[in-house]
Every structure is written in C-alpha cells, then in structure tokens.
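Naming convention: chains lettered A, B, ... in sequence-line order (proteins, then strands); numbering from 1 in each chain. Below, each value reflects all heavy atoms present in this structure, side chains not excepted, and no hydrogens, waters or symmetry copies.
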Protein chains: 2
Amino acid sequence: MDFDDRIPIYYQIKQYICQEIIVGHFKPEDKIPAVRQLALTLTVNVNTIQRALAELVNDGILESKRGRGNFVTADLKRLNEMKHSIVEEQLALVYDRLTDLQITPEEMVRDLTDYIDKRKGEKQND
Amino acid sequence: MDFDDRIPIYYQIKQYICQEIIVGHFKPEDKIPAVRQLALTLTVNVNTIQRALAELVNDGILESKRGRGNFVTADLKRLNEMKHSIVEEQLALVYDRLTDLQITPEEMVRDLTDYIDKRKGEKQND
DNA sequence: TATAGTGTAATAGTAAACTAATACACTAAT
DNA sequence: ATTAGTGTATTAGTTTACTATTACACTATA
C-alpha cells in the first residue's frame with residue numbers, strides 16, 4: 001500500500017479498514033486478516049497495525065478476541081454511523097477549505113461538477 | 001492559530017500563507033510579515049516558519065530578500081496557477097476518497113449539496 | 001557609522017511515529 | 001498434551017517534525 005507521508009500510517013490504516021468494511025470486503029461479524037498478515041500485506045510493522053486496530057476497537061468498529069482474531073462488529077447501526085461520519089468529514093474538509101479561499105457554495109458545486117467531467121473525460125483514455 | 005495535529009505544522013503554514021494571498025490579505029509584490037513576527041502570531045518557532053517560506057520561495061510564490069523581507073511574487077500567472085492547483089487538489093482528495101467508498105459522482109454532487117444546505121441551516125442559529 | 005530590523009544558518013534537545021525483535025497469553029485442533 | 005495460529009505487551013532504536021538558542025549577514029535609516 002502506498003501511504004501519504006503527510007499523515008500518520010496508523011491513521012491511514014484505520015481509513016483503509018473502514019473502507020474495506022464499507023465496500024463489503026470485510027463483512028459484519030466476519031474475522032478480518034490476522035495482525036501479522038495485515039502487517040505483511042500493508043508492509044508495515046505489527047505494532048502499527050495494532051495501534052490502528054486498538055483505536056477501531058475503541059471506536060466500536062472491531063471486536064478483538066484474544067487467540068481468535070479481530071472481528072467486524074455485528075452492530076449495523078454503528079457501521080452506518082461510521083460510514084456517514086466519514087463521508088461528512090470529507091465534505092466538511094473540502095467545504096471549509098474552499099470557504100477559506102472565498103469560494104461560494106454555488107461555485108463549489110459547479111467546480112466539483114466540472115472536475116467530475118474532467119475525470120470522466122480522462123477515463124476515455126485508459 | 002489552531003493546527004490539525006495529523007498534518008505537519010510547516011505544511012499548514014504554507015497553506016495559510018497561500019490562503020492569505022488568494023483572499024488578498026497579502027498582495028502581489030507586497031512584503032509579508034517578518035519571520036519573527038509570523039512566529040509570534042502563529043505561535044511556532046522561527047525555524048518552522050522558515051521551512052514553510054523556503055518551500056514557497058522554491059515554488060515561486062514568494063521572493064526572499066535578505067535584510068529586507070519576504071515578498072509575494074509579482075507573477076500573477078504563477079499565483080493563478082497556485083490557486084487553481086489548490087482548489088483542484090481539494091476536489092481530487094474528496095473525489096478519490098468518496099470513490100473508494102463506492103460513492104458515484106452523481107451521489108457526490110447530491111451529498112455536497114445536502115451538506116451545504118445543512119450548513120446553511122446551522123448558520124441561522126449563530 | 002551605529003543601530004534596528006530583516007533573512008539565514010547551525011547546533012542541541014524533545015516528542016511522536018514507526019520499526020525490530022522478543023516474549024507472553026489465549027484458542028482451536030490434532 | 002502438543003502445536004499452530006492468534007492477539008498483546010515490552011523494550012530498544014531510528015527518523016522526522018518541532019523547539020530553543022545563538023550567531024551571522026544584509027539593508028535601511030537616524
């Protein structure tokens with residue numbers, strides 16, 4: 001995995017795992033890969049994985065069972081909240097940043113639409 | 001100034017200075033505050049200011065004149081590129097992240113519009 | 001020419017994230 | 001009971017961002 005070196009790796013791993021849950025690669029109540037396996041896959045140290053997982057356990061996203069593994073929570077409501085808050089966090093980031101640059105909400109929507117069109121245009125050339 | 005502790009301070013200072021230029025607080029060819037003054041205002045060390053400024057000089061946004069101060073470039077084209085790339089960087093971030101979460105471009109625009117409405121609603125209660 | 005204001009450089013020390021390595025504790029299955 | 005697979009904890013060391021401090025170099029001006 002390629003990390004953004006401006007952001008702590010353990011934080012990006014948290015995001016990665018949430019993402020895998022949201023898109024359904026890790027399902028509710030399912031066991032996720034072992035810490036040593038994740039460390040190999042993501043090419044980071046076990047401690048770094050551990051730190052990310054500990055926070056996700058604390059957030060109620062994962063449950064850890066000693067000797068058995070880490071499991072995605074069965075609490076669907078919690079998972080839904082998680083997805084919603086991640087999306088909202090992203091929107092808040094871009095909204096606040098562009099507001100600071102004196103870009104109006106109307107311009108933001110237009111800029112985003114333009115950007116999407118641009119990306120769609122690029123997709124043709126794949 | 002309050003910093004996001006997930007991102008290096010010097011990087012956030014770069015963003016802050018670009019922002020002040022874009023919104024017109026620091027104008028082309030104008031002198032920006034002295035490094036020691038910025039350090040006081042932003043409550044960080046001079047070296048941290050220096051690091052941010054050095055990168056902005058390297059980016060062609062500022063010009064440094066020993067014994068006189070740091071000045072915003074007179075190159076309006078460069079400043080325009082800067083603004084454009086910052087906006088695009090923000091849009092790319094949110095686009096990529098939401099795409100990873102299997103949110104379609106159409107949903108993104110709708111989500112952003114909804115979020116804007118929500119923020120406008122909050123504004124009433126200020 | 002002396003002085004105040006400026007950018008620049010260098011050194012030392014601190015804190016946090018990360019790595020490396022090892023050991024321990026629990027579970028399940030042979 | 002042994003063993004393989006798992007989570008957890010600890011210790012030591014590296015790297016990077018940041019701070020603190022001091023010194024130096026240049027500019028403008030009184």
Side-chain angles (χ1 to χ4, degrees), chain A residues 1-18 20-21 25-74, chain B residues 1-18 20-21 25-74:
Chain A
M1 188 162 164
D2 50 329
F3 296 104
D4 180 338
D5 61 11
R6 271 138 45 203
I7 301 170
I9 294 176
Y10 81 91
Y11 192 83
Q12 296 181 64
I13 291 174
K14 279 185 72 175
Q15 294 184 321
Y16 163 76
I17 291 172
C18 286
E20 291 299 282
I21 294 173
H25 293 161
F26 300 160
K27 297 193 170 53
E29 297 188 79
D30 271 8
K31 183 174 171 302
I32 70 172
V35 289
R36 290 171 181 81
Q37 182 56 52
L38 283 172
L40 284 177
T41 306
L42 304 177
T43 58
V44 296
N45 192 273
V46 175
N47 298 327
T48 309
I49 298 292
Q50 198 58 36
R51 175 160 184 187
L53 297 190
E55 293 203 3
L56 289 173
V57 167
N58 197 54
D59 293 345
I61 305 301
L62 296 180
E63 287 176 40
S64 166
K65 312 206 171 172
R66 196 190 192 87
R68 294 183 53 209
N70 287 288
F71 298 79
V72 178
T73 182
Chain B
M1 189 163 164
D2 50 331
F3 297 103
D4 180 339
D5 62 11
R6 271 139 41 201
I7 302 169
I9 294 175
Y10 81 92
Y11 192 83
Q12 296 181 65
I13 291 173
K14 279 186 72 175
Q15 293 183 321
Y16 162 77
I17 292 173
C18 286
E20 292 299 283
I21 294 173
H25 294 161
F26 300 160
K27 295 193 172 52
E29 297 189 79
D30 272 7
K31 183 176 170 303
I32 70 171
V35 289
R36 290 172 182 79
Q37 181 57 51
L38 283 173
L40 284 178
T41 306
L42 304 178
T43 60
V44 295
N45 191 272
V46 176
N47 298 327
T48 309
I49 298 292
Q50 198 59 37
R51 174 158 184 188
L53 297 189
E55 293 204 2
L56 289 172
V57 167
N58 197 55
D59 292 346
I61 305 300
L62 297 179
E63 287 176 41
S64 165
K65 311 206 172 172
R66 196 191 191 85
R68 295 182 53 210
N70 287 289
F71 298 79
V72 178
T73 182

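- The closest side-chain heavy-atom distance from B:Leu38 to B:Ile13 is not below 4.5 Å.
- For B:Asn47 and C:dA10, a side-chain-to-base donor-acceptor distance below 3.5 Å is present, hydrogens and geometry of angles not being considered.
- Between the P atom of D:dT8 and the CD atom of A:Glu55 lies a distance of 14 Å, rounded to the nearest Å.
- With a 4.5 Å cut-off on side-chain heavy atoms, A:Asp59 and A:Lys14 count as touching.
- Of all non-hydrogen atoms in B:Gln50 and B:Val35, the two that sit nearest each other are OE1-CG1, 3.6 Å.
- In this structure, B:Leu40 places its CG atom 14 Å from C1' of C:dG5, rounding to the nearest Å.
- Note: CD (B:Gln50) to P (C:dA10) measures 12 Å, nearest angstrom.
- At whole-Å resolution of the value, OH in B:Tyr11 and C1' in D:dT16 are 17 Å apart.
- Listed pair B:Arg68 / C:dG5 fails the phosphate criterion, with no side-chain N or O lying under 4.0 Å from OP1 or OP2.
- Rounded to whole Å, the distance from CD1 on A:Ile49 to P on C:dC18 is 11 Å.
- Atom CZ in B:Arg6 sits about 17 Å away from atom P in C:dA16, given to the nearest Å.
- Taking the side chain of A:Pro8 as heavy atoms from C-beta on, and the options C:dT8, C:dC18, D:dG7, the nearest nucleotide is C:dC18.
- The side chain of A:Val35 lies closest to D:dG7, out of C:dT6, C:dT27, D:dG7.
- Checking C:dC26, C:dT8, C:dA10 against the side-chain heavy atoms of A:Arg66 singles out C:dC26 as nearest.
- Sorted by first and then second residue, the side-chain hydrogen bond (donor to acceptor under 3.5 Å, both in side chains) pairs involving residues 26-35 of chain A (not counting sequence neighbours) form an empty list.
- A side chain to side chain contact (heavy atoms under 4.5 Å, CB included) with B:Ile9 holds for exactly one of B:Val44, B:Leu42, B:Asn45; it is B:Val44.
- Closest approach to the B:Ser64 side chain among C:dA17, C:dT8, D:dT8 is made by C:dT8 (side chain taken as heavy atoms from C-beta onward).
- Where B:Asn70 and A:Ile9 each meet DNA chain C at their nearest nucleotide, the meeting point lying more 5' is that of B:Asn70.
- When the nearest nucleotides of DNA chain C are assigned to A:Gly67 and B:Ile32 by heavy-atom distance, the more 5′-ward of the two goes with B:Ile32.
- As a whole-Å value, the separation of A:Asn45 CG from C:dA21 C1' is 9 Å.
- When distances are taken from the side chain of B:Ala34 to each of D:dT8, D:dT21, C:dG7, the shortest belongs to C:dG7.
- The side chain of A:Thr48 has C:dC18 as its nearest neighbour among C:dC18, D:dT21, D:dC18.
- Side-chain atoms of A:Arg36 come within donor-acceptor range of the base of D:dG7, with a qualifying N/O pair under 3.5 Å.
- Residue B:Tyr10 places its side chain closer to D:dA17 than to any other of D:dA17, D:dT8, C:dA20.
- Atom CD1 in A:Ile7 sits about 15 Å away from atom C1' in D:dA17, given to the nearest Å.
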